[in-house]
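Both backbone and side-chain heavy atoms feed into the values below; hydrogens, waters and symmetry mates do not. Order of listing sets the numbers, starting from 1, for every ligand and every atom in it.
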Amino acid sequence: MLSWTCRFRRESAIESESPALVVVTNREPWLHRATVHGTVLRRTPGGVVSALDPVLRHRGGVWIAWGSGERDWDEAPDGQVPIPPRDPRYLLHRVRLTDDEVRGYYLDYANSGLWPLCHLAVERVRFYRQSWNIYQDVNRKFAEAILDCSVPADTIWSHDYHLALVPGLVRSLRPNQRIVHFWHIPWPPTTLLRLCPNREEIMEGLLGADVLGFQTEDDCRRFLDSVNQLLSHRVDMEQGTVDLEGRMVRVMNFPISIDTPFVAETAALPAARRLTSAIRRRVDQRDIELGVAVDRLDYSKGILPRLEALDMFFRRYPHRRGQVVLLQVVAPSRSDVPDYALLGEQVEEAVADLNQRWGTDGWIPVISIRKPLDLKRLASLYRAADFFLVSSLMDGMNLVAKEFVAAQLDQRGVLLLSETAGAIAELEDALPINPLDPEGFADTLEEAIQMPVAERAARLDRMRTRLEQYTVQEWAEDVLASVEMTVADAALGRILQARQQGRQIVWGLDVDGTLVEFAPHPDAVVIPGPLLDTLRSLHQTAHTPVLIISGRSEESLRALMGPQFPGLLMGHHGLDSAPETRDITPPDEWRGDFLGLERDWPGAWLEDKGPTWSFHWRGVDPSRKTALLETLAHLTERLTHPAFRTRFGNEVLDVYPLAANKGTALRGWLVRTYGPEWPSHVYPVAMGDDATDKDLFLAVGKNGLSIAVGARITGAALVLDSPAAVRRLLARASMSLRQ
Ligand code: GDG
């Protein structure tokens, strides 16, 4: 279940334990549409949505997109819709655009400028100044929505050619935000990019990201070449990086995938199977080879060249007349762009011509379905096909080709795949075609029809294995891990630079929620062996002292880290370093309040550590936690004392002396060990996840490096998203610092 709304998230970041994923696209994943049965909420077709909806359902978060459904704003006037409605996993936040904005930004600049340019349809490209202005305004609107719906520790994942300026706009306002941008379509050669009057702004906008993802290596290379030729940043073609005065942008290749098991399961559903069988019965009765093609109605998909090649096929193989049928699904798309409306008419004409020229009594070569189909119907067509045609002139990836492979449960179909679709790099067992070589295309089709059953199955097997091993979930994980990697790289870079300058590295590390994940009870936490080895190696071999600074008591820390741990342990939020206050304990009259809560809220308990207490409620029934928080908020208003304070942490309320402060503890140790001039020759690295760790960050200030773990606290220079990321960084640091 969703625990927060966008607005709530912005105002109260404390509610979110870990950084959220904020996906930003032009097309919304779900829209409210009017039907004869009333308003319905429907998932929208298209590659980007098919890829990301499962990712966000799996991870949770926010999806920001243009609210384009005709009933969107009546159904959800505040623009916020939990998705999917019956079992919400993420929040859709809609951006409202005026008709003029839609025309200028979407129909004109993006779809009559950038799209044809990137698909090398040069003569269709037009860039109007007015639409560029609107494109900038709308990108700004999206950036504002992002700032509203996220906190600085979140990962922003923006998409595609509609939102090229978003990374730069967000970066200018939140320099430390993690941003990744994925470009779904091809990147054009630099000579053609020169046709775009705003190419520099577009590229600078994209370079606001930490990681810029493309579908293929070729796209990465072309982008780096464009930066090299048209901008003044330093480009490392080998490493795939662009140096923006100290900030490195990684340009990486992530071939997008599909939800493979889901597509296969959909093809196996009884309703889909029934449709497949009905189709197969009809074609088998008449000994027909069934071809299928599925595309958005778009000139980049090569629909007309495909029909031309089919015409050539019947010319070259006239005996195939009556034996082959192509069932093509052409889903209407961008029909407000004149080129697309015209294409619809041209396709219809070409189909009619072909059917008239080659059709016989009771047989026509092409059946055209000119409406969108849901995945169940698509999957049954994929499954029924003897051959499948993907004839794109240019295509970033082409998910339809991958879906066909996943849905081929009876292993009968041959995939003919354009050599200019990104998918060709992975689907090596497809028969490659050149959509602009009608004779070659026709011969490959004949080869497909003649291919023996065993070979068809073997090829499909190999391709399906690839898609099972690398689904859209892995794709998303790879993309997000690469962003995490850039933060770790930045941290390591700063640490090694300090070391090179001759500064002594010192680690000030919190434990629970930082080095290790929280457990239901503090005693249940175990420090993994490899982490202990890393800490030992940092302390002893690399000669970088490790200070563990925690809210736990020193005894509990000692028990946790084990007798062999050579580093320093500072317990009670640093109180151990202020021994004069060690003998005092929290006011005894407060104890009654907490014991009362223990009774009333099963799962909550008071940990008495002597000079400090912690009141935990991780074990309380989740549905009762908000009410408990309210009770505690009232209680803490009453609990005032000249020497003690209370502070909310991660499902814990800490009670501790005002004199206890992780920051003063660390600073005190640095002064005692290295003298008051420590900032000139020591570089402390502080990591923490909770309110009391902010004092650590303050102590370190600009003299060292502060790293927050998760989204609960601000004030750190960098943010890592989990203890696992901390452990990976420490392991890499120990390797590098040992040398
Ligand atoms: C862009 C790039 C890249 C659902 N109903 C229909 C339909 N769908 C779904 C399909 C498929 C998706 O739409 C189409 O994806 P493609 O990848 O084939 O094409 P684009 O829409 O052009 O997507 C492309 C993609 O982004 C992802 O990065 O691969 O290169 O151009 O998932 O199931 N599709 C059609 N009719 C329907 O009725 N055609």
Close N or O approach ([X], ligand 1; < 3.5 Å):
X    : answer
L373 : yes
I256 : no
L375 : no
E403 : yes

Out of all atoms in ligand 1, which are within 4.0 Å of some heavy atom of [X]? Include the element for each.
X    : value
G396 : 30 (O)
P372 : 38 (O)
V400 : 18 (O)
D395 : 24 (C), 30 (O), 31 (O)
D295 : 39 (N)

Worksheet entry | Shortest heavy-atom approach to atom 19 (O) of ligand 1 - which of R377, K301, M397, R296 | K301

Worksheet item: Where the closest heavy atom to atom 27 (C) of ligand 1 is concerned, which of R43, R27, H184 has it?
Response: H184

Practice prompt. Kindly compute the distance separating CG (L212) from CG (N253), expressed to the nearest 0.5 Å.
Written response: 11.5 Å

Discussion item. To the nearest 0.5 Å, what is the distance between CZ on F441 and CG on L416?
Written reply: 6.5 Å

Worksheet item: Touching ligand 1 at all, W115? Heavy atoms, strictly under 4.0 Å?
Response: yes

Worksheet item: At a non-hydrogen distance cut-off of under 4.0 Å, which region of W183 contacts ligand 1 (side chain, backbone, both, or neither)?
Response: neither

Item to complete: Check L378 against ligand 1 and report side chain, backbone, both or neither, counting heavy atoms closer than 4.0 Å.
Response: side chain

Discussion item. Tell me the closest heavy-atom pair linking G208 and I179, and the distance in Å.
Written reply: O-CD1, 4.0 Å

Fill in: Name of the residue among F127, W115, Y161 meeting ring pair (Phe, Tyr, Trp, His ring centres under 6.0 Å) with Y109
F127

Worksheet item: Are D295 and R306 close enough for a salt bridge, meaning some N to O gap below 4.0 Å?
Response: yes

Worksheet item: Distance-only, no hydrogens or angles: does the H181 side chain make a donor-acceptor pair with backbone N or O of G213 under 3.5 Å?
Response: no

Worksheet entry | Main-chain N/O of I449 paired to E289 side chain as donor or acceptor, under 3.5 Å | no

Discussion item. Counting only heavy atoms from other residues, nucleotides and ligands, does the tally under 6.0 Å from CZ of R33 exceed 12?
Written reply: no

Worksheet item: Given side chains that start at C-beta, do those of D259 and P261 come closer than 4.5 Å, heavy atoms only?
Response: yes

